[in-house]
Amino acid sequence: MDLIPAPLGSVRLPDRDFPLDRATTLTAPPALAGAERWLRSVLTAATGLPLNPGRPGEGIELVHDEALAGEAYRLSVRPGRAVITAGGPAGALWGAQTLRRLLGPDAYRRAPLRDGGWVLPGADIEDAPRFGWRGALLDVARHFLPKADVLRFVDQLSAHKLNVLHLHLTDDQGWRVEIKRYPRLTERASWRERSMVGYRAGQRRDDRPHGGFYTQDDLREIVAYAAERAVTVVPEIDLPGHTQAAVAAYPELGNTDVVDTAALGVWTDWGVSHHVLNPSEATLRFFEGVLEEVLEVFPSEFIHLGGDECPKEQWKESPAAQARIRELGLANEDELQSHLIRHFDRWLADRGRRLIGWDEILEGWPAVAAPPAGGAAVPAAERPGAGWRSRAAVSSWRGFGGGIAAARAGHDVVMCPEQHVYLDHRQADGPDEPIPVGFVRTLEDVYRFEPVPAELDAAAARRVIGTQANLWSEFTDSARDIDYRAFPRLAAFAEVAWSALPADPAARDFAGFERRMVSHLEVLDALGVEYRPAGGPHPWQRWPGVAGRPIDGPPPAV
Ligand code: ACM
């Protein structure tokens, strides 16, 4: 049946197939109506069959079984009958995705190629995910991605049973989310005058403005569309670094005592800008205002506040920042960054949400001897006695080390080490890869990525709540480019995140995965995904003459 990601267990039952026809019904209880609606919409489009609602006990039926975990499902197909038994709405959607896959690649088209001939193979499938957080990051800040392409990417995630879309909405090069009380964030910060083409050493530029933003209604639409497909959208508002675009729109957010921020534009280079936020109370209030609107749009438990790559030069030079360090009784600039992050950690917790940030957020985070039970290491003043304990989570991107330290200190961790699952990195060594950056990470490398480091003990390993592949967009300015870098590797990543693969990467059956990929590529073709062919890019997928920054040799172990 070639399922990707592989289910926990499956048995093919020859001679027990279920041919669908115009009389076949599709039924679900109210609790699973979302999955029913989704399945009917995709299957009526692809097959032309009406799949009218029927009676319980007939045709294709979704059944709720609270004894199963929320994302778990069982699927059984017999002549005249297909039952998806699910622990909850998400499990029902994953079961529905599997049922669509059993109908073959043409079930992924938006109009029927033929009249009839739709057969569900007789089977028993039992399935549940390994990790609760199975994510992908889209960087819509470096290059804006139109809303329709974001919705299309959500379809791709859901087809692979990935359930978190991390939207990197703000950066030095652009601000992409409408904030009604601060209109200049979109009037001014959502576009730049030109862009670099390729790596910065190449010094090649286009001479064309680039920009775009999502209105709050656009984002509500994306959130609701994703929710119908069992995908949660986690927004990222990056601070206190990666903020040049915001400072260009509101110069008072910058370190005005050391730079003339009024003269600043939205950055037209790639890299890490030194124009970071000033650490004043007014800046905290400004971003509380931003986040109040973000919380209204995004219902996700987690809100990502970045916290990565904040150069400290301006704070070292700024008398105001230094005065702030003294006033707060902090040791240095790292602790100042930590102070800002912990402010929002608590601010989000007070509103029933949880902060997640890149692994730098633990720098300057005052250590305590042992984390309180069930919580993360927090400074003494904020210990449970003070009525508060941090539940911040960490996205471990600079390798496994940050995630290991975070898990041991009691933080939840999403493993996304750049050496392994940054899908902007090149997929092969060779001159034809478009703008080749980073390590070579082949389909097989991604398949053999293990998110839980062997050195974690059982309690710390349970802190690894999931894994995520990240698609940074300096070198991808369209959905076509994203397709190329994401696929087919995101299919391998989906199996790592969902399936019960051997923990030992060497013990994984990559040959078996490759065999299943043959028909999975037909699924991607039917979906219209322009993946990288195994033999190398099509001529139109190359980008001759544009400089990249390949890193030679295998990635370091941690
Ligand atoms: C990152 O790649 N700076 C999170």
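The basis for the numbers below is simple: all heavy atoms, side chains too, and nothing from hydrogens, waters or symmetry mates. All residue numbers in this chain count up from 1 along the given sequence.
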Checklist entry - Side-chain contact, heavy-atom cut-off 4.5 Å: Arg391 with Glu301? => result yes
Checklist entry - Parallel, tilted or perpendicular for His343 and His339, by the 30°/60° rule? => result tilted
Checklist entry - Do Asp424 and Asp139 come close enough that some side-chain heavy atom pair is under 4.5 Å? => result no
Next on the checklist: Restricting to ring pair (Phe, Tyr, Trp, His ring centres under 6.0 Å), what partner residues turn up for His420, sequence neighbours left out?
Outcome noted: Phe400, Phe449
Item to check | Pairs meeting criterion side chain to side chain donor-acceptor pair (under 3.5 Å) with involvement of residues 493-507, two or more places apart | outcome: Asp127-Trp498, Tyr447-Glu495, Glu495-Arg516
Item to check | Polar side chain donor-acceptor pair, Tyr531 to Gln541, under 3.5 angstrom | outcome: no
Checklist outcome for this item: Sorted by chain and number, sequence neighbours left out, salt bridge (Lys or Arg N to Asp or Glu O under 4.0 Å) with Arg441 holds for Asp445
Item to check | Any pair counted as salt bridge (Lys or Arg N to Asp or Glu O under 4.0 Å), so long as it reaches residues 154-172, sequence neighbours left out | outcome: Arg142-Asp171, Asp155-Arg229
Checklist entry - side chain to side chain contact (heavy atoms under 4.5 Å, CB included) with Val290: which residues, sequence neighbours excluded? => result Trp175, Ile179, Tyr182, Leu185, Ile237, Phe286, Phe287, Val294
Item to check | ring pair (Phe, Tyr, Trp, His ring centres under 6.0 Å) partners for Phe302, two or more places apart | outcome: Trp133
Checklist entry - Residues two or more places apart in sequence or in another chain: which of them pass side chain to side chain contact (heavy atoms under 4.5 Å, CB included) with Ser41? => result none
Checklist entry - ring pair (Phe, Tyr, Trp, His ring centres under 6.0 Å) with Phe144: which residues, sequence neighbours excluded? => result Tyr214
Checklist entry - Under 3.5 Å, is there a donor-acceptor pair linking the side chains of Glu360 and Trp397? => result yes
Checklist entry - So Arg101 and Ser519, side-chain hydrogen bond (donor to acceptor under 3.5 Å, both in side chains) or not? Walk me through it. => result CA-CA 10 Å; Arg101 180 66 188 86; Ser519 62; 2.9 Å; yes
Checklist entry - Does anything in residues 518-527 pair up under salt bridge (Lys or Arg N to Asp or Glu O under 4.0 Å), and if so which pairs, sequence neighbours excluded? => result none
Checklist entry - Is Ile4 close to Val523 at the side-chain level, that is, under 4.5 Å between some pair of heavy atoms? => result no
Checklist entry - So do Leu443 and Phe513 actually touch side chain to side chain, heavy atoms under 4.5 Å? => result yes
Checklist entry - Do His168 side-chain atoms and Val140 backbone N/O form a donor-acceptor pair below 3.5 Å? => result no
Checklist entry - Any donor-acceptor pair under 3.5 Å linking the side chain of Arg426 with the backbone of Gly438? => result yes
Checklist entry - Is a side-chain donor or acceptor of Arg489 paired with a backbone partner of Val446 at a separation under 3.5 angstrom? => result no
Next on the checklist: Does this structure show an ion pair linking Arg351 with Glu292, if we count only N-O contacts that are shorter than 4.0 Å?
Outcome noted: no
Next on the checklist: Would you say that Leu157 contacts Asn163 through its side chain, given a criterion of any heavy-atom pair below 4.5 Å between the two side chains?
Outcome noted: no
Checklist entry - When Tyr73 is tested against each of Ile125, Thr85, Leu68 for side-chain contact (heavy atoms from CB on, under 4.5 Å), which residue passes? => result Ile125
Checklist entry - Between Gly307 and Asp238, what is the shortest heavy-atom contact and its length? => result N-OD1, 3.1 Å
Next on the checklist: Looking at Arg176 and Gly212, would you say the former's side chain and the latter's main chain have a donor-acceptor pair under 3.5 Å?
Outcome noted: yes
Next on the checklist: So Asp483 and Arg152, do their side chains get closer than 4.5 Å, heavy atoms only?
Outcome noted: yes
Next on the checklist: Is the shortest side-chain heavy-atom distance between Leu340 and Leu284 below 4.5 Å?
Outcome noted: yes
Checklist entry - Which residues satisfy the side chain to side chain contact (heavy atoms under 4.5 Å, CB included) test with Arg37, sequence neighbours excluded? => result Glu228
Next on the checklist: Looking at His143, is its backbone amide N or carbonyl O close enough to the side chain of Ser473 to form a donor-acceptor pair, meaning the two atoms are under 3.5 Å apart?
Outcome noted: yes
Checklist entry - Between Phe487 and His160, is the ring centre distance below 6.0 Å? => result yes
Checklist entry - Counting N and O atoms only, with roles assigned by atom type, does the side chain of Arg485 sit under 3.5 Å from a partner on the main chain of Leu471, one being a donor and the other an acceptor? => result no
Checklist entry - Judged by atom type as modelled, is there a donor-acceptor pair below 3.5 Å linking the side chain of Thr476 to the main-chain atoms of Ala479? => result no
Item to check | Non-neighbouring partners of Ala227 that pass side chain to side chain contact (heavy atoms under 4.5 Å, CB included), sequence neighbours left out | outcome: none
Checklist outcome for this item: What one should report as the nearest heavy-atom pair of Ala393 and Ile361 is O-CD1, 3.8 Å
Next on the checklist: Tell me whether the count of non-hydrogen atoms from other residues, nucleotides or ligands lying under 6.0 Å of CZ in Arg220 goes above 12.
Outcome noted: yes
Next on the checklist: Can you list everything that forms a ring pair (Phe, Tyr, Trp, His ring centres under 6.0 Å) with His304? Sequence neighbours excluded, please.
Outcome noted: His166, Trp358
Next on the checklist: For the backbone of Val276 and the side chain of Thr243, can you confirm whether one donor and one acceptor N or O come within less than 3.5 Å of each other?
Outcome noted: no
Next on the checklist: Less than 4.5 Å apart, side chain to side chain, heavy atoms only: is that true for Leu456 and Ile404?
Outcome noted: yes
Checklist entry - Would you say Arg480 has more than 12 foreign heavy atoms packed within less than 6.0 Å of its CZ? => result no
Next on the checklist: Would the distance check show the side chain of Glu71 and the main-chain N or O of Ala230 forming a donor-acceptor pair, the cut-off being under 3.5 Å?
Outcome noted: no
